[in-house]
Amino acid sequence: MSFNKEARQRYLAFATSPAARWPGNFRDLAASVTRMATLSPKERIDTDAVGAEVDRLARLWSGQTQEEDDILAEVLTAAALAEIDPFDRVQLAAVVHTCRRSRSLSEAGRTLFAASRTRRTSANDADRLRKYLARFALDWSAVTGG
């Protein structure tokens, strides 16, 4: 098993960059190379395999899950997603997931604001949710596809 030249250069650049945390040191590095070798066809690690592994490691080290990335990528452009802090990504992914499980904006609002709605004199959960989505230039139809 070997790297092609471009793949090796890309992986080394990532592996030695400040973005590479390697919390398990050599074990993590060895596991990463083994994973690429196992998943690469024709006994050659190519740039596609390196790209997938770099993305996987970056997501793992940021605490972001593939599911969160996927659901947000469905409703936001890459540029818009890059502008959102990791803290807000987790929350927004949960909101989108709840919206998709709900039959209406009102139902999603009631679910999302279940605790705080009891302390409000006027509980317009749909409006609160609408305003939250608008912060990210989203609306009900963009989130639910309908």
Side-chain angles (χ1 to χ4, degrees), residues 1-117 119 125-146:
M1 182 60 70
S2 63
F3 281 90
N4 71 28
K5 184 178 179 178
E6 296 82 19
R8 183 177 180 275
Q9 289 172 339
R10 182 172 179 198
Y11 189 72
L12 284 175
F14 168 75
T16 58
S17 74
R21 293 188 20 214
W22 303 115
N25 298 324
F26 186 74
R27 287 177 303 193
D28 286 348
L29 177 64
S32 174
V33 173
T34 300
R35 192 172 16 265
M36 288 186 295
T38 302
L39 299 174
S40 293
K42 302 178 186 174
E43 297 184 14
R44 196 99 166 131
I45 299 172
D46 59 14
T47 55
D48 290 340
V50 169
E53 181 65 7
V54 166
D55 289 347
R56 189 192 75 76
L57 289 171
R59 192 173 45 255
L60 174 71
W61 293 334
S62 74
Q64 192 72 13
T65 66
Q66 179 69 43
E67 181 180 325
E68 290 165 352
D69 277 352
D70 288 348
I71 200 166
L72 293 180
E74 292 174 15
V75 297
L76 296 168
T77 65
L81 191 54
E83 294 291 318
I84 301 175
D85 290 329
F87 176 86
D88 291 325
R89 284 181 184 210
V90 174
Q91 185 177 33
L92 182 57
V95 168
V96 171
H97 184 70
T98 299
C99 288
R100 289 184 174 177
R101 286 191 333 243
S102 302
R103 291 178 299 230
S104 68
L105 184 69
S106 295
E107 180 183 332
R110 283 189 302 274
T111 301
L112 291 165
F113 302 114
S116 63
R117 73 189 313 264
R119 295 185 300 272
D125 301 320
D127 187 54
R128 289 175 71 189
L129 178 54
R130 191 177 298 110
K131 288 176 182 174
Y132 175 80
L133 293 173
R135 286 182 39 212
F136 302 97
L138 294 170
D139 61 21
W140 176 256
S141 63
V143 169
T144 60

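Computed from a prediction, not measured in an experiment: that's the story for all the values here. Computation of the quantities below employed the complete heavy-atom set of this structure, encompassing side-chain atoms and omitting hydrogens, waters and symmetry-equivalent molecules.
Across every non-hydrogen atom of E107 and S102, the tightest pair is OE2-CA, 3.8 Å. Of all non-hydrogen atoms in R44 and M1, the two that sit nearest each other are N-SD, 3.5 Å. A108 and T98 make their closest contact through O-CG2, 4.2 Å (heavy atoms, listed as atom of the first residue, atom of the second, distance). Of all the heavy atoms in C99 and V143, the pair that sits closest is CB-CG1, 3.6 Å.
R130 places a side-chain heavy atom less than 4.5 Å from the side chain of D127. At least one side-chain heavy atom of L129 sits under 4.5 Å from a side-chain heavy atom of L133. For the pair R100/H97, no side-chain contact is recorded, criterion being any heavy-atom separation below 4.5 Å from C-beta on. With contacts defined as side-chain heavy-atom distances shorter than 4.5 Å, the pair L76/L92 qualifies.
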Chi angles and distances behind the side-chain contact (heavy atoms from CB on, under 4.5 Å) call for V50, F3 | CA-CA 9 Å; V50 169; F3 281 90; 4.0 Å; yes

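The distance from atom OG of S116 to atom CG of D125, rounded to the nearest 0.5 Å, is 7.0 Å. Taking OG1 from T34 and CG from L39, the interatomic distance works out to 10.5 Å, rounded to the nearest 0.5 Å. For the atom pair CD of E53 and CG of D48, the computed distance is 13.5 Å after rounding to the nearest 0.5 Å. Note that CD of Q91 and CD1 of I84 are 11.0 Å apart. Values are rounded to the nearest 0.5 Å. Note that the OH atom of Y132 and the CG atom of L112 stand 9.0 Å from one another [nearest 0.5 Å]. Taking CG of L105 as the start and OG1 of T144 as the end, the distance is 9.0 Å to the nearest 0.5 Å.
Between the side chain of R89 and the backbone N or O of L81 there is at least one donor-acceptor pair closer than 3.5 Å. A donor-acceptor pair under 3.5 Å is absent between the side-chain atoms of D85 and the main chain of F87, judged by distance alone.
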Taking distance alone, no hydrogens or angles, what donor-acceptor pairs closer than 3.5 Å link side-chain atoms of residues 7-19 to residues at least two apart or in another chain?
from: Y11; atom 1: OH; to: S32; atom 2: OG; distance (Å): 2.5
from: T16; atom 1: OG1; to: L12; atom 2: O; distance (Å): 2.7
from: S17; atom 1: OG; to: F14; atom 2: O; distance (Å): 2.8
from: S17; atom 1: OG; to: A19; atom 2: N; distance (Å): 3.3

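Remark: the T111 side chain and the R101 side chain contain no N/O donor-acceptor pair separated by less than 3.5 Å.
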